[in-house]
S.K.: 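Okay, handing you the structure first.
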Amino acid sequence: MNIFADFSDRIINAVKALELKPKEGGELDLSRVAVEPPRDPSHGDIATNAAMVLSKAVGENPRALGERLAAALAEDPDVAEASVAGPGFVNLRLGNGFWHARLGEMLLLAGDYGRSKMGNGHKVNVEYVSANPTGPMHVGHCRGAVVGDALSNLLAFAGYDVTREYYINDAGAQIDVLGRSVLMRYREALGEDIGQIPEGLYPGDYLKPVGKALADEYGTKLLERPAEEALKIAKDTAIDAMMAMIREDLAALNVHHDVFFSERSLHAGNGGTIRSAINDLTLKGHVYKGKLPPPKGQVLEDWEDREQTLFRSTDVGDDIDRPLIKSDGTFTYFAADVAYMKDKYSRGFEHLIYVLGADHGGYVKRLEALARAISEGKLHLTVLLCQLVKLFRNGEPVRMSKRAGEFVTLRDVIDEVGRDAVRFMMLYRKSDAPLDFDFAKVTEQSKDNPVFYVQYASARCHSVFRQASEQLNVRKFDREAMKAALHRLDDPGEIALIRKLAEYPRLIESAAQALEPHRLAFYLYELANQFHVQWNRGSETDRLRFVKVNDPELTHARLGLVQAVCDVVRSGLALVGADAPEEMR
RNA sequence: GGUCCCGUAGCUCAGUAGGAUAGAGCAUCAGAUUCCUAAUCUGAGGGUCGCAGGUUCGAAUCCUGCCGGGAUCACCA
């Protein structure tokens, strides 16, 4: 249960019961009434701005209106105290019994606690990673992969029907380069001395096995085939090999897509799919032949004024019209995107989400324009831009030279710090803010490392249960039995912890709504912190220890609280894509 | 030059749908603890929320304009 949604209903009912009449007549507008946790916990458990929002329309002093509302809400058996504060906030403090009941629900729901129906089964497509199949994934891909994947998890948990999609850029010039690079490696595998890989081709060693595979399969026969045919074979083999490698890297990062969509498939059959998509746009009046003006404020020496087939995207919100067909008659990259988005639309998605690197910022407007043109504004499209990740090793920036083929691969990072640390840290920052990633820090076993701190909370929960089993000689603690004892929880720290747990459903919904999976990571850190604080209080004050050998009922109650913390930490970490360990090693 | 993102404590960043005295971690300072249930604990100081207007009962949050930092800008993908 989202307690804020619940109390929103109760508060609206209380407001209606006051039978307020707007001065201007008509219905009272309740849409601006907010029910939320107060900034400062000392104010209470629930706060509403209702009196302030309504006072003007009703023509009543906000504090006086607040007093009336507070008096009405004080009648609610779950409300221990209702007061008016500041400019007219109504603060509610809820009784312990209310919190015990919430905790009881959490124990029964277990892993489903926090799951929401907010999405109502709406079909959402999340496209992320979409790295070119020209080499292994490098760290630059990492953030988008994690953000996209965690976002997908989050949306699914919030009740959306999510499809995770990867667009394979397996057409175009860079794939020709890949094919030629592989042919070099092929000749090398046949024993030829190829010397240095020429400028402009991919120099990485990872293509050597592909060349060898070609040599093993074809021997020298490929050399005798027409160049075009050999290149095609090399490209096909290379794309398959690269995608296999990328899928392995993704699996190592716990990222799994539902659909891998091939750009090449759109070009198949002489580009029929793309042609028909462009025709569709043409019929809707969005296409013309013309010339683009040269970019302003930028000196281009080789600018050539050419006529192209253009998408009149300026009609639908873009800054400049976009080429669909180049002057040589071939399709632009964007032309394939037209067909691709049309395909997504025809598959029934209502919302398309693209997780892209910040360097693709310039692409956002044309995608938005395209969505409008294709669907007459029905298709909702959001682009999430992920800023750069800067790597550090002991405070020193890690240098990479892409030209020399030296880059830190995704696999390198996972192997060094572990999948969970990578995933958590990629979410421990708003995605539109740059992120510093220090190898040393994320493997540190201390409070300073949020990954460790959150996972340790999970381990500590299990540790408490192990201790309890031993001391009370109980093999397994039953959830019902724990639930039955919850009335024994009355320590302010315990109640505060329940309150934190009670925020989880609202957090899920608001993070999903805002498409901000990083909020999960921050919430988990806060929850872990509060749990550790309570544990430490027990460490200092014997009375507050979770396990009390001579009071099995109280122990059951406190274990119920620990169990709920354990469940939520596990649930949240699962959405992040990390494990909730039972012990730290 | 256009467009997009960012600007919050010394540093790194949160800030939940416009709410109350703007928060956390690190660092600094002052205490506690050498114990153990498992990887220390408690407290303090520190802010013109880049600047200036505007909307609002109320703005770090929304709008406009500037300043500063980054990304990007046809015929690539």
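From a predicted model like this one, the values you see are computed outputs, not experimental measurements. Within every chain, numbering begins at 1; the chains are lettered A, B, ... in the order of the sequence lines, protein sequences first and strands thereafter.
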S.K.: To the nearest Å, how far apart are D319(A) CG and rA74(B) P?
M.R.: 13 Å
S.K.: Apply ring pair (Phe, Tyr, Trp, His ring centres under 6.0 Å) to F89(A) and list each qualifying residue two or more places apart in sequence or on a separate chain.
M.R.: none
S.K.: State the pairing partner of rU56(B); accept Watson-Crick or G-U wobble contacts with both distances under 3.5 Å, and report none otherwise.
M.R.: none
S.K.: How long is the span from the CG atom in L178(A) to the CG atom in L207(A), to the nearest 0.5 Å?
M.R.: 6.0 Å
S.K.: Please give the distance between the P atoms of rG47(B) and rC11(B) as a whole number of Å.
M.R.: 13 Å
S.K.: Name the nucleic acid region contacted by E540(A), choosing base, sugar-phosphate or nothing; use a 4.0 angstrom heavy-atom cut-off, strictly under.
M.R.: sugar-phosphate
S.K.: For a 4.5 angstrom cut-off between non-hydrogen side-chain atoms, does E127(A) reach Y166(A)?
M.R.: no
S.K.: Considering only atom C1', compute the distance from rA60(B) to rC13(B) and round it to an integer number of Å.
M.R.: 14 Å
S.K.: Using the P atom on both, measure rG65(B) against rG19(B) and round to a whole Å.
M.R.: 24 Å
S.K.: At 4.0 Å (heavy atoms only), tell me whether R519(A) reaches a base, stays on the sugar-phosphate, or touches nothing.
M.R.: sugar-phosphate
S.K.: Check the distance between rG19(B)'s P and I46(A)'s CD1 and give it to me in whole angstrom.
M.R.: 16 Å
S.K.: State which of rA17(B), rA14(B), rA77(B) makes the closest approach to the side chain of K430(A).
M.R.: rA14(B)
S.K.: Using purine N1 to pyrimidine N3 plus N6-O4 or O6-N4 for Watson-Crick, or N1-O2 and O6-N3 for G-U wobble, both under 3.5 Å, which nucleotide pairs with rU37(B)?
M.R.: none
S.K.: Counting the atoms with a prime plus P, OP1 and OP2 as sugar-phosphate, which does N536(A) contact under 4.0 Å by heavy atoms, base, sugar-phosphate, or nothing?
M.R.: sugar-phosphate
S.K.: Determine, answering yes or no, if F89(A) is stacked on rA20(B) under the 5.5 Å centre rule and the 30° plane rule.
M.R.: yes
S.K.: Roughly how many Å is it from CG in D432(A) to P in rC13(B), rounded to a whole number?
M.R.: 12 Å
S.K.: Which nucleotide wins on minimum distance to the side chain of K326(A), given the candidates rA14(B), rC5(B), rC76(B)?
M.R.: rC76(B)
S.K.: Looking only at side chains, do N2(A) and Y504(A) share a donor and an acceptor under 3.5 Å apart?
M.R.: no
S.K.: Determine the Euclidean distance between corresponding C1' atoms of rG45(B) and rA30(B); express it in Å to zero decimal places.
M.R.: 10 Å
S.K.: Of the nucleotides rC6(B), rU42(B), rG19(B), which one has an atom closest to the side chain of E36(A)?
M.R.: rG19(B)
S.K.: From OH of Y428(A) over to P of rG15(B), roughly how many Å is that when rounded to an integer?
M.R.: 11 Å
S.K.: For S510(A), report the nucleic acid contact type (base, sugar-phosphate, nothing); a contact means any heavy atom under 4.0 Å.
M.R.: sugar-phosphate
S.K.: Looking at every strand, decide which applies to R466(A) at a 4.0 Å heavy-atom threshold: base, sugar-phosphate, or nothing.
M.R.: base
S.K.: When you compare rC51(B) with rC6(B), how far apart are their C1' atoms, in angstrom units rounded to a whole number?
M.R.: 16 Å
S.K.: At 4.0 Å (heavy atoms only), tell me whether K291(A) reaches a base, stays on the sugar-phosphate, or touches nothing.
M.R.: nothing
S.K.: Remember a base hit wins even if backbone is also touched, and classify Y525(A) as base, sugar-phosphate or nothing at under 4.0 Å, heavy atoms.
M.R.: sugar-phosphate
S.K.: If the P atom of rU12(B) is compared with that of rG50(B), how far apart are they to the nearest Å?
M.R.: 15 Å
S.K.: Could you check whether the rings of H380(A) and H351(A) sit parallel, tilted or perpendicular, using 30° and 60° as the cut-offs?
M.R.: tilted
S.K.: Base, sugar-phosphate or nothing for A47(A)? Non-hydrogen atoms, less than 4.0 Å.
M.R.: base
S.K.: For the residue pair R322(A) and F311(A), would you count it as a cation-pi contact if the rule is NZ or CZ under 6.0 angstrom from the ring centre and within 45 degrees of the ring axis?
M.R.: no
S.K.: Can you tell me how far C1' of rC76(B) sits from CG of N132(A), to the nearest Å?
M.R.: 11 Å
S.K.: Are side-chain N/O atoms of Y340(A) and E165(A) paired as donor and acceptor at under 3.5 Å?
M.R.: yes
S.K.: Do R506(A)'s NZ or CZ and the ring of F4(A) fall within the cation-pi criteria of under 6.0 Å and 45°?
M.R.: yes
S.K.: Determine which nucleotide pairs with rC4(B), using a 3.5 Å limit on both distances of a Watson-Crick or G-U wobble pair.
M.R.: rG70(B)
S.K.: NA contact type, P293(A), heavy-atom cut-off 4.0 Å: base, sugar-phosphate, or nothing?
M.R.: nothing
S.K.: If we take the P atom in both rC49(B) and rG7(B), what is their distance in whole Å?
M.R.: 14 Å
S.K.: Per the side chain to side chain contact (heavy atoms under 4.5 Å, CB included) rule, which among N536(A), V569(A), V562(A) passes with F531(A)?
M.R.: V562(A)
S.K.: What's the CG-P distance between L507(A) and rG15(B), to the nearest Å?
M.R.: 11 Å
S.K.: When you check the phosphate oxygens OP1 and OP2 of rA39(B), does a side-chain N or O of R460(A) lie under 4.0 Å from one of them?
M.R.: yes
S.K.: Which base, if any, makes a Watson-Crick or G-U wobble pair with rU48(B), both distances under 3.5 Å?
M.R.: none
S.K.: Out of rA14(B), rU12(B), rA77(B), which nucleotide sits closest to the side chain of R366(A)?
M.R.: rA77(B)
S.K.: Can you build the contact string for nucleotides 55-71 of chain B? Use B for base contact, S for sugar-phosphate-only contact, and - for no protein heavy atom under 4.0 Å.
M.R.: --BB-B----------S
S.K.: Pick the closest RNA chain B nucleotide for Y453(A) and for D436(A) by heavy atoms, then say which residue is nearer the 5' end.
M.R.: D436(A)
S.K.: What is the nucleic acid contact for Q467(A), judged by heavy atoms within less than 4.0 Å: base, sugar-phosphate only, or nothing?
M.R.: sugar-phosphate
S.K.: Name all residues meeting the ring pair (Phe, Tyr, Trp, His ring centres under 6.0 Å) criterion together with F157(A); count only those two or more places apart in sequence or in a different chain, and write none if there are none.
M.R.: none
S.K.: Please determine, for rA24(B), whether a Watson-Crick or G-U wobble partner exists with both distances under 3.5 Å, and give it or none.
M.R.: rU12(B)
S.K.: Does any nucleotide pair with rU61(B) by Watson-Crick or G-U wobble geometry, both distances under 3.5 Å, and what is it?
M.R.: none
S.K.: Does a side-chain N or O of R545(A) approach OP1 or OP2 of rU37(B) to a distance below 4.0 Å, or not?
M.R.: yes
S.K.: Closest approach to the side chain of S327(A), judged atom by atom: which nucleotide of rA14(B), rC75(B), rA77(B) is it?
M.R.: rC75(B)
S.K.: Does K390(A) have a side-chain nitrogen or oxygen under 4.0 Å from the phosphate oxygens OP1 or OP2 of rU12(B)?
M.R.: no
S.K.: Which nucleotide in the list rC13(B), rC76(B), rU16(B) gets nearest to the side chain of R429(A)?
M.R.: rC13(B)
S.K.: To the nearest Å, give me how far apart CG (L367(A)) and P (rC4(B)) are.
M.R.: 15 Å
S.K.: Does F546(A) have R558(A) sitting over its ring (NZ/CZ under 6.0 Å from centre, angle to axis within 45°)?
M.R.: no
S.K.: Can you tell me how far P in rG31(B) sits from the matching atom in rC36(B), rounded to whole Å?
M.R.: 25 Å
S.K.: Heavy atoms under 4.0 Å, any strand shown: does N91(A) hit a base, just sugar-phosphate, or nothing?
M.R.: base
S.K.: Quick check: on RNA chain B, is the nucleotide nearest V90(A) upstream (toward 5') of the one nearest V533(A), or the reverse? Name the residue that is more 5'.
M.R.: V90(A)
S.K.: Any side-chain heavy atom of I325(A) sitting closer than 4.5 Å to one from T332(A)?
M.R.: no
S.K.: Need one value for Q308(A): base, sugar-phosphate or nothing, where a base atom within 4.0 Å counts as base even if backbone is also close, heavy atoms only.
M.R.: sugar-phosphate
S.K.: Calculate the interatomic distance between I320(A) atom CD1 and rC75(B) atom P; express it in whole Å.
M.R.: 10 Å
